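In what follows, every chain begins at residue 1, and chains take the letters A, B, ... in the order their sequences are listed. What you are looking at is a predicted structure, and each value in this text was computed from that prediction instead of being measured.
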Amino acid sequence: MYSKLKKEITESIEEALTKMRIKIDEEIVLEEPPNPEMGDISSNIAFSLAGKLKKSPVEIAEEIKNHIKLPLYFEKVETKGPYINFFINYTLFSTKMVNYIDKRYGELPEQDETILLEHTSANPNGPLHVGHLRNAILGDSLKRVLQHAGYKVESQYYVNDMGRQIAIIVWGRKKFGFEFDDHKKIDHAVGEVYFKCNQELEKNPEYNKEIDEILHKYEDGDDQKLIDSFELVVENCLDGIKQTLKDLNIRMNLYKWESTFLRNGSVDKVLEKLQPFTIKRDVLYLPLEKYDVDKELVLRRSNGTSLYATRDLAYHQYKTKNSDISLDILGADHKLAAKQLSLALELSGNRAPEVVFYEFINLPEGSMSTRRGVFISVDEFIEQATQHAKDELLERDMDLTDSEIENIAQIIGVGSVRFYINQISPEKPITFKWEEALNFERGCASIQYAHARACKLLSKSDFDEYDDVKCDYELENEEKVLIKELSRFTEIIRQAAKERRVHHLTEYTLTLSKAFNKFYKSQQVIGSEHEQFRLTLVDASRITLKNSLKLLGIKAPEFM
RNA sequence: GGGCCUGUAGCCUAGCCUGGAUAGGGUGUUGGACUUCUAAUCCAAAGACCGUGGGUUCAAAUCCCACCAGGUCCGCCA
């Protein structure tokens, strides 16, 4: 609705300018005045016309104001210096808003395009750690936003089963008899073996030859026993990872194994298409200096085996065929590789993916590494966050059963984990500190709390949707602010979907909950003479809060 | 050395694409509000030469250039 308000203002300004016989080329940009007393929406068009008309902006603003026909939902327009400020007619607008918001609020019209969104795709050589977390949460939240914005989205996890990492584990299990510890969650047990193998490798780098050999054999695909042992490692580890993803409210549509593309011949097909552009020395490579990339892309090793990039090329060819948009979530360290991949895809007649990059999450003492066994696992992070929430719940002594406490603590804990990641722009590096990550006040919990408060109010009053509620009084400031925030929801989703940036929504949800909490604190709902309207407003807030949280992959408890 | 990213109160962060009014939040600090729909809340105070220097502009956190600091990439790893 907010964008509709803006559109109406834009049109009325254009109309005024036409009356004044002024033509403009640029788009009319609207903004929000710094203070509600100055109005709700404003235009600074007078500035840009000043040079052209050789008049002072103040004069121009005044003149435009005098020609303006007040749009619907507005009650006043005035100038303040060079600014033209519009005031919303809240009585009218609020009536419209509260009746407009229903449980599908924020959904945009269906789009024709399907998006194949690849995210997480962590190597199955250990549990997900906090570094992977950013990929998973950014990816899943983006999926939710894009779906809400009308796209058909399929999420895929690209399973890297042909990597050196897996070969190392297979090798270590055979050579040293390392076994997965039954007492541990399986992905953690795999990670532990991986760590031990690497210690052996470090002691004796000669072993690397044995690993190359294993890798070569796996690629040949003749040794069924070897294939089985690769699959055992990968499947086991993946089981653990899937559990973690489930805990995070993430469901993948498909797990696509890297080896598929080698075994079904599509790797060879891509290489054929690229053949005119490649050079064969001892390796097969694609030179890219022409395209401003200094580093050539190696497609086959001198021993004839393929590389990650080769198989990824085949995977992206599959994406080209099976979707309209390929969207990848990648760490910023993959920027060069992604550029090479994109060029190779275009040369082979395929589509380059859109990529959302994010910077690393490091520990204060340095980067995380599964190989060195230095990392904080996502499981541990969730556990700590949940424990923190549980302590808080117990302290409030709310007469809940044990299972209710467990359940709500989990919802709050996971929510805070997701919120923590979503709140920070992806291009910003994060140094992970427990005290910051576990600090929920004013974060996710305050949003969930606002939602729970709304639910409680509605249940206490036996609220049952009223038809055609009318606002027939001068609203309090807190109500106006809340209404305005509610109306911005759709525009935020549109923007987040378009920019592929979820964190606008995080910011919005926080602002909305703050507006609701202020309203709640300052205005009586039940028993007030405006009870009917206010309850409807509470319900509209409840829905919008719930939908916003849902898009962030966060559950909204009805009490806490 | 070259490419990319980041630099906003003690700490964390939004705003930068698309330049406009007093740089928005949070945390921490100080003070205040539960006989009133849940105080994970609300109110108030203090705290910012927007990394530095130049430029463009009526107007720069925002655009351009240079520099400084941190991160990252430049594997026949993934």
Q | Nearest-nucleotide comparison on RNA chain B, the residue closer to the 5′ end among Lys518(A) and Gln340(A) | A |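 So the residue in question is Lys518(A).
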Q.
On RNA chain B, does the nearest nucleotide to Ile84(A) precede the nearest nucleotide to Glu296(A) from the 5' side, or the other way round? Give the residue.
A. Ile84(A)
Between [M] and [N] - [atom1] atom distance, rounded Å:
N: U13(B); M: G51(B); atom1: P; answer: 13 Å
N: G25(B); M: C63(B); atom1: P; answer: 23 Å
N: A23(B); M: U35(B); atom1: C1'; answer: 43 Å
N: G26(B); M: G71(B); atom1: C1'; answer: 25 Å
N: C12(B); M: C58(B); atom1: C1'; answer: 37 Å
N: C5(B); M: G24(B); atom1: P; answer: 28 Å

Quick one: the side chain of [X] and the base of [N], do they pair up donor-acceptor inside 3.5 Å?
X: Lys428(A); N: U6(B); answer: no
X: Asn85(A); N: A21(B); answer: yes
X: Ser42(A); N: A21(B); answer: yes
X: Asp282(A); N: C76(B); answer: yes

Q: Return the nearest nucleotide to the side chain of Ser446(A); candidates are U41(B), A21(B), C37(B).
A: U41(B)
Q | Nucleotide of U22(B), G25(B), A40(B) approaching Lys514(A) most closely (side-chain heavy atoms) | A | G25(B)
(Q) Taking the six-membered ring of Phe357(A) as reference, does the cationic atom of Lys335(A) (NZ for Lys, CZ for Arg) lie under 6.0 Å from its centre and within 45° of its axis? (A) yes
Q. Should we say atom NZ of Lys65(A) is surrounded by more than 12 heavy atoms from elsewhere, each under 6.0 Å from it?
A.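 Check passes, neighbour count above 12.
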Q.
Can you tell me if Glu365(A) has over 12 outside heavy atoms packed within less than 6.0 Å of its CD?
A.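 Yes, because the 6.0 Å sphere around CD of Glu365(A) holds more than 12 heavy atoms from other groups.
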Q. Using a cut-off of less than 4.0 Å, is there contact between a side-chain N or O of Lys80(A) and OP1 or OP2 of A21(B)?
A.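 So the side-chain polar atoms of Lys80(A) never come under 4.0 Å of the phosphate oxygens OP1 or OP2 of A21(B).
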Q) Parallel, tilted or perpendicular: which describes the rings of Phe516(A) and Tyr520(A), with under 30° parallel and over 60° perpendicular? A) tilted
